[in-house]
Amino acid sequence: MRIVDRAKTLVQHLTQPQVQPASKKPAEPPPEYRRDLITGTQVIIAPQRGSRPITFVLPSDESEMLAPQRDDPFLDPQASGNKEPVLCLTEQESGEWSLQVFENKYPAVQTDQPVVADVDLGPYESAYAYGYHYVVVTRDPVKNIAHLSHDKVEEIIRAFLQMYRDIQNDPLIRYITVFQNHGRQGGASLPHPHSQILATAIVPDDVRGQMERAKKFYEAHGATLFDFIIKRELADESRIVYQNQHFLVFCPYAPLFSFEMHIFPKEHESYFEHIKDEHIGYLVDALRATLQVLSKVMLNVHYNFFVRVTPVNSDSRYDYWRWHIVVTPRILHLAGLEIATRLSSLSMTPERMAESLRENTVPGTYSFNERIGE
């Protein structure tokens with residue numbers, strides 16, 4: 001190459017914008033197995049899978065979740081064929097109902113027949129599904145707990161408690177599930193916000209298994225499993241999302257779902273129905289904060305929440321248990337791995353989930369004025 005050509009090449013090199021070498025991303029932590037202490041469920045945390053391409057996109061039903069429906073059967077429940085409410089709260093000013101509890105029009109269990117013995121079907125077993133199935137409906141056709149006022153959410157919690165206490169008076173009932181499905185992917189058949197209460201004459205095997213694990217832990221360590229979890233989460237701080245004086249919200253160490261959160265009373269409370277009246281406002285604050293930050297981080301996310309409680313009408317004592325609420329966002333469907341092995345695989349650590357949620361929390365009525373982890 002001639003000198004003049006070399007000169008031209010050098011000038012071009014010096015005058016052209018220089019491309020800096022790409023900085024290396026910090027290495028993702030290696031995949032790991034984790035086990036949930038309460039359920040015994042194993043999960044795989046594999047952050048590297050967050051980089052895999054996903055081309056299938058679920059259709060959005062944002063309009064369904066944000067706009068009232070013309071054929072909404074919960075706008076006037078009784079006119080739509082629902083039974084008269086067993087519990088009805090009214091607005092002081094207007095006199096109109098603000099919350100109703102009535103029997104589910106399509107119940108999973110019924111009380112029409114007396115409980116009978118199991119039917120012998122060879123290797124199979126069957127029995128009449130005795131129980132109660134109620135719907136808890138708020139008047140507003142659009143606002144869910146994340147968007148309702150503190151007072152309106154307190155009405156819902158108090159309705160849960162009143163129904164729970166009433167149902168357990170039936171000596172045939174063994175377990176009461178309080179839950180809410182929000183959005184199509186959460187299993188809701190109607191967009192109008194509502195919760196459900198399902199009381200059964202059996203204790204579900206999964207619940208029985210959790211009780212056994214908690215009991216064994218207590219017998220082995222002389223302290224409850226939940227005391228251990230709460231102390232560890234408060235000391236570690238990395239998975240805490242929100243807290244107030246009486247309740248703690250955190251992402252569990254081994255979640256089944258991305259951005260799953262648990263709401264625990266800080267003080268030892270075995271029985272949901274025995275919650276102190278002065279603590280209900282703090283529970284409302286924690287539940288609203290949890291669903292608000294979930295809605296903020298993942299707009300229009302579908303989810304479930306349910307209360308993990310003790311069996312009822314049992315001769316056993318459950319002093320080793322602590323009731324709590326589990327919130328499970330339904331971001332992805334179960335895939336082959338989960339169905340085949342019951343192993344949940346997550347592409348983000350719960351510590352990173354909690355950090356993202358924590359950064360978006362809004363101080364509530366009773367929240368601590370502090371930022372966890374700073």
Side-chain angles (χ1 to χ4, degrees), residues 29-50 52 54 58 175 177-188 195-196 198 203-214 217 225-226 228-230 232-233 236 238-242 248-264 286-287 290-291 293-295 297-298 301-309 321-358:
E32 59 179 311
Y33 298 115
R34 294 189 182 187
R35 185 187 295 277
D36 184 82
L37 289 177
I38 302 171
T39 64
T41 305
Q42 291 176 297
V43 302
I44 298 174
I45 309 294
Q48 296 86 350
R49 287 180 58 78
R52 72 192 191 278
I54 299 177
L58 291 174
Y175 196 76
T177 305
V178 178
F179 65 98
Q180 183 178 106
N181 303 329
H182 178 71
R184 187 183 302 166
Q185 307 306 324
S195 307
Q196 299 181 60
L198 182 69
V203 179
D205 286 342
D206 183 60
V207 172
R208 195 184 302 276
Q210 292 180 35
M211 294 290 163
E212 286 299 319
R213 289 181 64 83
F217 187 96
L225 172 62
F226 306 98
F228 174 82
I229 291 173
I230 296 301
R232 182 59 184 264
E233 296 303 333
D236 186 277
S238 65
R239 288 177 293 275
I240 294 179
V241 176
Y242 183 86
L248 180 69
V249 182
F250 60 93
C251 292
Y253 176 74
L256 280 176
F257 299 88
S258 293
F259 294 95
E260 177 180 334
M261 286 179 277
H262 292 184
I263 304 172
F264 269 86
L287 181 59
T290 301
L291 298 182
V293 71
L294 195 60
S295 177
V297 171
M298 289 169 282
V301 65
H302 302 193
Y303 61 80
N304 309 100
F305 77 73
F306 57 92
V307 190
R308 276 182 173 157
V309 296
W321 189 257
R322 187 182 302 208
W323 73 266
H324 54 284
I325 295 177
V326 177
V327 179
T328 57
R330 304 298 294 275
I331 303 172
L332 297 173
H333 290 296
L334 295 179
L337 174 66
E338 288 81 6
I339 296 172
T341 65
R342 305 297 181 185
L343 273 173
S344 182
S345 176
L346 304 178
S347 58
M348 183 184 292
T349 67
E351 292 78 19
R352 181 67 188 91
M353 296 176 199
E355 180 184 6
S356 177
L357 292 165
R358 188 166 59 240

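Nothing fancy with the numbering, it's 1 onward along the sequence. Below, each value reflects all heavy atoms present in this structure, side chains not excepted, and no hydrogens, waters or symmetry copies.
Nearest heavy-atom pair, V293 versus L357, reported as atom, atom and distance to 0.1 Å: CG2-O, 3.0 Å. Among all heavy-atom pairs drawn from I38 and L225, the shortest one is CA-CD2, 4.0 Å.
Note that OG1 of T39 is 7.0 Å distant from CZ of R213, once rounded to the nearest 0.5 Å. In this structure, N304 CG and R330 CZ are separated by 5.0 Å, a value rounded to the nearest 0.5 Å. Atom-to-atom distance recorded for L198:CG and F179:CZ is 6.0 Å, nearest 0.5 angstrom. With values rounded to the nearest 0.5 angstrom, I240 atom CD1 is found 5.0 Å from L248 atom CG. Note that CH2 of W321 and CZ of R308 are 6.5 Å apart. Values are rounded to the nearest 0.5 Å. Atoms CD and CG, on Q42 and D36 in that order, are 11.0 Å from each other to the nearest 0.5 Å.
Taking 4.5 Å as the limit, every side-chain heavy atom of F305 sits out of range of all side-chain heavy atoms of H182. Side-chain contact between M211 and V203 is absent, with no heavy-atom pair separated by less than 4.5 Å. In this structure, the side chains of S195 and V178 stay at 4.5 Å or more apart for every pair of heavy atoms. Contact annotation: the side chain of I44 approaches that of Y33 to within less than 4.5 Å [non-hydrogen atoms, C-beta and beyond]. Counting heavy atoms from C-beta outward, I263 and Y242 have side chains that stay 4.5 Å or more apart. Annotation: side chain of V43 is not in contact with side chain of F257 (no heavy-atom distance under 4.5 Å).
Between M261 and the choices C251, P252, P255, P329, the side-chain contact (heavy atoms from CB on, under 4.5 Å) rule is met once, by C251.
Under a cutoff of 6.0 Å and an axis angle of 45°, R34 and Y253 form a cation-pi pair.
With sequence neighbours left out, the salt bridge (charged side-chain N to carboxylate O under 4.0 Å, His left out) criterion links R352 to E355. By the salt bridge (charged side-chain N to carboxylate O under 4.0 Å, His left out) test, R239 is found to be paired with E233, E351, residues two or more places apart in sequence or in another chain being considered.
A donor-acceptor contact shorter than 3.5 Å links the side chain of H302 to the backbone of R184. Of the possible polar contacts, none joining the R35 side chain to the A254 backbone as a donor-acceptor pair under 3.5 Å is found. A donor-acceptor pair under 3.5 Å links the side-chain atoms of H324 to the main chain of R322, judged by distance alone. A donor-acceptor contact shorter than 3.5 Å links the side chain of T290 to the backbone of A286.
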### Message
I'd like to know whether F264 forms a ring-ring contact (aromatic ring centres under 6.0 Å, His included) with F250, so could you lay out the CA-CA distance, the side-chain angles of the two residues, the decisive distance to 0.1 Å, and finally the verdict.
### Response
CA-CA 9 Å; F264 269 86; F250 60 93; 5.6 Å; yes
### Task
Please report the C-alpha distance between V327 and L291 in whole Å, then the side-chain angles of each, then the deciding distance to 0.1 Å, and finally whether the side-chain contact (heavy atoms from CB on, under 4.5 Å) criterion is met.
CA-CA 8 Å; V327 179; L291 298 182; 3.9 Å; yes
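The aromatic rings of F228 and F217 are tilted relative to each other, their planes meeting at an angle between 30° and 60°.
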